[in-house]
Student: 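Okay, here's the structure, questions in a sec.
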Amino acid sequence: MAKRCFRLKKGKEIEKVFKSGKRAFSQTITLVYFPAKQTRYAVCVGKKHGKSVERNRIKRYLREAFAPFGKKIRPCSVLLIPKVQEDGHYSVSLFARDLGKIFGKEKLIES
RNA sequence: CGAGCGGACUGUGCAGUCGCGGCGUGCCUUUGAGCACGAUGAGGAAAGUCCGGGCAUCGUAGGGCAGGACGCCUGAUAACGUCAGGUAGGGGCGACUCUAAGGAAAGUGCAACAGAAAAUAACCGCCUCUUAUGAGGUAAGGGUGAAAAGGGGAGGUAAAAGCUCACCGACGGGACGGUAACGCCCCGUGCCGUGUAAACCCCGUCCGAUGCAAGUUUGGGUCGUGUUCAUGCGGGCUGCCCGUCCGAACACGGCUGUGAAUAACGCUUGAUCUUGCCGGUGACGGCAAGGGUAGAUAAAUGACUGCAUUCGACAGAACCCGGCUUAUAGGUCCGACUCGGUAA
RNA sequence: CGCGGGGUGGAGCAGCCAGGUAGCUCGUCGGGCUCAUAACCCGAAGGUCGCACGUUCGAAUCCUGCCCCCGCAA
């Protein structure tokens, strides 16, 4: 589910989601989503998160955390934006937990 | 044994489960942004973008000006601002190390404060002649300063002074050694003059511009290149000048739309890596054999478990190379390298 | 990937090209004026000149290498 074919790629699409999508928040992640035909996602990690090694790690963690939800939720375009943790600690389990919370709260999980 | 100097290397590994990128092969009454299997997949700095090239396009770089870079010598190299070996001058007891190290007699500028004076020297002095003083000689001594007109010694003198002498330094000439920088020796000149060129500058060498988002290909409509006629304006070609090229008809190219930093190519076999031999003090070069080595594009290497007692630093390719610079835990090795101590 | 600009007391800026004294405005502190506050007047404190190396007798200034911030083009 983390494969490339489920990625949201084009700048216009991302802009569309960013402008007209709904937002949901948790301690570690800001999530923007918009209904679509197929579930696709994009990861957005800014320069404030550190050097490229650090940013790449965060992206990996986010993708891995998102993968199990890919087929469970209603199809939509999703942007994942991590928040800056002051202690520099990020982990898959934390991201997965918060994603679960958000999807539950927004009632996106299909029965 | 202790302290150091120089150089080289490494940059977690193995096993299991899950997961990702492109590649190859196969599969299909789900031909797709599919599935399975296989081998493969970041660095010594991939970084900073500080230099030099390759490559590509524009062009024809022919000349001059402007601008920039470099600057002991010889070599290495595709090239360099890099590297190697040497010279000179600093630093260290030493192994060793550092140095943008041409020209101040082409010209211009600057040298605060102090000091008489910061560059056609003369304040206090010293000496001679005159006598409240003035004129002349002089640069040893004093004082100021970062720097004061070769150094300190002997002779010499009214007092002095390269005025004279030897030594050292400087400059000029010659011989010898060295490819050269330069070294060394001999002879001569009493030494007409400070520092600063990382101040302008002069001399020598070199430099076309733009950068893979360069650029190429595919497809519909409108304008451009080669050939033939015309030589004025304006425009393009490097910042400027000289110089040089363009407008209408036939075959081929630009602009615009689909069209979005699209798709494909460029895109990885290369000044390649490993090993051996040969040449060279060395940088490096030559030959032979072998290896097949990331090519993504909202952008791939991780998570968990076990073992190795502890696993850790800096850090992620984006056209590619050669360097430089900077970051870097822990560890390994080499040296007919140094100094000190101890023992034989 | 390619360029440009900047870093000086607490804040905003001069000084750098052309090297010797770091200055201005606001703020801060003390005093005065006022019944009191503001304004105003007088006085004072406060700066490793981003970091390091070099050139120079001497560096905020010149050279070289780094660090950080801001901006531009495709």
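For clarity, every value in this text was computed on a predicted model and none was experimentally measured. Chain naming here is simple, since letters A, B, ... match the order of the sequence lines and numbering starts at 1 in each.
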Student: Just the rounded figure in Å: distance from C1' of B:A303 to CG of A:Leu62.
Tutor: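 After rounding, the reported distance stands at 14 Å.
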Student: Within 90° of 0 counts as syn, otherwise anti: where does B:U310 fall?
Tutor: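 Chi for B:U310 falls in the syn range.
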Student: Where does C:U48 fall, syn or anti, if syn means a chi angle no more than 90° from 0?
Tutor: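 Glycosidic conformation of C:U48: anti.
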Student: In this structure, how many angstroms lie between the P atom of B:A300 and the CD atom of A:Glu64, rounded?
Tutor: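 So the CD-P distance, A:Glu64 to B:A300, works out to 14 Å.
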Student: Between A:Lys51 and A:Glu54, is the closest basic N to carboxylate O distance under 4.0 Å?
Tutor: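 Between A:Lys51 and A:Glu54 there is no salt bridge, as every charged N stays at least 4.0 Å from the carboxylate O atoms.
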Student: Report the residue (A:Arg57 or A:Lys51) whose heavy-atom-nearest nucleotide on RNA chain B is the more 5′ of the two.
Tutor: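 So the residue in question is A:Arg57.
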Student: Starting at the 5' end of RNA chain B, which residue's closest nucleotide do you reach first, A:Tyr61 or A:Cys44?
Tutor: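 Result of the comparison: A:Cys44.
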Student: Test of understanding: with salt bridge (Lys or Arg N to Asp or Glu O under 4.0 Å), list the residues that count as partners of A:Arg23, not counting sequence neighbours.
Tutor: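 Not a single residue meets the salt bridge (Lys or Arg N to Asp or Glu O under 4.0 Å) criterion with A:Arg23.
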Student: Both distances under 3.5 Å, Watson-Crick or G-U wobble: report the partner of B:A3, or none.
Tutor: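 Pair assignment: B:A3 / B:U338.
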Student: Using whole Å, what does the distance between atom P of nucleotide B:G19 and atom CZ of A:Arg60 come to?
Tutor: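 Checked: the CZ to P distance equals 17 Å.
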Student: So do A:Arg63 and A:Tyr41 actually touch side chain to side chain, heavy atoms under 4.5 Å?
Tutor: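 In contact.
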Student: Separation of A:Glu54 atom CD from B:A47 atom P, in whole Å?
Tutor: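 So the two atoms are 19 Å apart, to the nearest Å.
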Student: Taking 4.0 Å as the cut-off, does a side-chain nitrogen or oxygen of A:Arg63 come that near to OP1 or OP2 on B:A298?
Tutor: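 So the side-chain polar atoms of A:Arg63 never come under 4.0 Å of the phosphate oxygens OP1 or OP2 of B:A298.
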Student: Can you tell which of B:A315, B:U301, B:A303 lies closest to the side chain of A:Val53?
Tutor: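 Comparing B:A315, B:U301, B:A303 against the side chain of A:Val53, the answer is B:A315.
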Student: Syn or anti for B:U133? Use the chi torsion, O4'-C1'-N9-C4 for purines and O4'-C1'-N1-C2 for pyrimidines, with syn inside 90° of 0.
Tutor: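 Because its glycosidic torsion lies more than 90° from 0, B:U133 adopts the anti conformation.
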Student: What is the distance, rounded to the nearest whole Å, between atom CG of A:Asn56 and atom C1' of B:A46?
Tutor: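 Result: 13 Å.
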Student: Whole angstroms only, please: what is the CD1-P distance between A:Ile58 and B:A303?
Tutor: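 Checked: the CD1 to P distance equals 13 Å.
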Student: Only one of A:Thr28, A:Leu62, A:Thr30 forms a side chain to side chain contact (heavy atoms under 4.5 Å, CB included) with A:Pro82, so which one is it?
Tutor: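 One option only clears the test, and that one is A:Leu62.
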Student: Could you check if a side-chain atom of A:Ile29 sits within less than 4.5 angstrom of a side-chain atom of A:Leu99, using non-hydrogen atoms only?
Tutor: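 Yes; the side chains approach each other to less than 4.5 Å.
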Student: For B:U328, does the glycosidic angle fall within 90° of 0 (syn) or outside that (anti)?
Tutor: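 Chi for B:U328 falls in the anti range.
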Student: Please state how far atom NZ in A:Lys59 lies from atom P in B:U297, giving the value in whole angstrom units.
Tutor: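 These atoms are roughly 13 Å apart.
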Student: Suppose you measure atom C1' in B:G235 against the same atom in B:G224; what distance do you get, rounded to whole Å?
Tutor: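 After rounding to an integer number of Å, I get 15 Å for this pair.
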Student: Please measure how far the P atom in B:C58 lies from the corresponding atom in B:A45, and state the result in whole Å.
Tutor: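 Taking atom P in both B:C58 and B:A45, they lie 38 Å apart.
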Student: With C1' as the reference atom in both, quote the distance from B:C201 to B:G279 in angstrom, rounded to an integer.
Tutor: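 My reading of the C1' atoms in B:C201 and B:G279 gives 48 Å.
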Student: Find the partner of B:C223: check Watson-Crick (N1-N3 plus N6-O4 or O6-N4) and G-U wobble (N1-O2, O6-N3) distances, both under 3.5 Å, and reply none if neither fits.
Tutor: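 Paired with B:C223, as far as the under-3.5 Å criterion goes, is B:G253.
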